[in-house]
Protein chains: 2
Amino acid sequence: MRQLTAANTPDPPYYAVIFTNQRTELDDDGYNKTAETIARLASDQPGYLGIESVRNPDGFGVTISYWKSLEDIKNWKANSTHQSVQKKGQEKWYDHYTVRVCKVEKQYSFHRSPDR
Amino acid sequence: MRQLTAANTPDPPYYAVIFTNQRTELDDDGYNKTAETIARLASDQPGYLGIESVRNPDGFGVTISYWKSLEDIKNWKANSTHQSVQKKGQEKWYDHYTVRVCKVEKQYSFHRSPDR
């Protein structure tokens, strides 16, 4: 359920939450299960536009979620299930993280043509 | 030289370029060397604030560079060495990519205390 390919977002403006994080070495199973659950829950929220999630072998990761409005982001942050996951993140899963809330102002894409 | 940990950015507002990409299976050596070179070159540009770069084992990656202003981003995109690398990216290295230019409006961080 975690979308591991490029999110298919609409024309800007819209919003992005960049979640840059360093995993501890604790509780991989619990973490992976919860990551699935929380990504699924996020995708059911109003204003959700997509998610991109990437992790290096050393545990450094970036997850970007895309949203229609700042209000949608605020509601998702306040979601009670998400709140309890944020708490566990601080207790167990993350050594450190930074959250950046951004307004996407411009986007463009490249796709290789099939005959190249 | 590629910064594989969290970028230490100033208080917002500032700008982010989210580069979401899918590598082809071509030319890993050339790609890795150029990625190093281009990250070093970026870090020497006016307005550069930091970079975060992450790739999944399947070749899906996200690189986020942070900049003081849109003008800095425009100048970096137009840099002649960077231009020739963008061309090679389309010819060889990327199956597809999306570039998103964003204004970072808010950020907050968590750091685990050493005694946890």
| query | Which atoms of A:Tyr14 come close to chain B, meaning under 4.5 Å heavy atom to heavy atom: side chain ones, backbone ones, both, or neither? | reply | side chain
| request: Heavy-atom distances under 4.5 Å only: say whether A:Thr9 touches chain B with side chain, backbone, both or neither. | output: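 A:Thr9 touches chain B through backbone and side-chain heavy atoms alike.
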Looking only at heavy atoms, what is the nearest atom pair of [X] and [Y], with distance?
| X | Y | answer |
| --- | --- | --- |
| A:Phe110 | B:Tyr94 | CE2-O, 3.5 Å |
| B:Trp93 | A:Arg112 | N-NH2, 4.0 Å |
| B:Phe60 | A:Val54 | O-CG1, 3.6 Å |

| CD1-CD1 distance between A:Ile64 and B:Ile64, expressed to the nearest 0.5 angstrom |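 Nearest 0.5 Å value for the CD1-CD1 distance: 4.0 Å.
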| message | Can you confirm whether more than 12 heavy atoms, excluding those of A:Glu25, are under 6.0 Å from its CD atom? | response | no
| Under 3.5 Å, side chain of A:Asn56 to main-chain N/O of B:Arg55, donor-acceptor pair present? | yes
| Within residues 97-105 of chain A, which positions have a heavy-atom distance to chain B below 4.5 Å? | A:Tyr97, A:Thr98, A:Val99, A:Arg100, A:Val101, A:Cys102, A:Lys103, A:Val104, A:Glu105
| query | Same cluster for A:Ile51 and A:Leu70 if Ile/Leu/Val/Met/Phe/Trp/Tyr side chains link at under 4.5 Å? | reply |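 Linked, A:Ile51 and A:Leu70 end up in one cluster.
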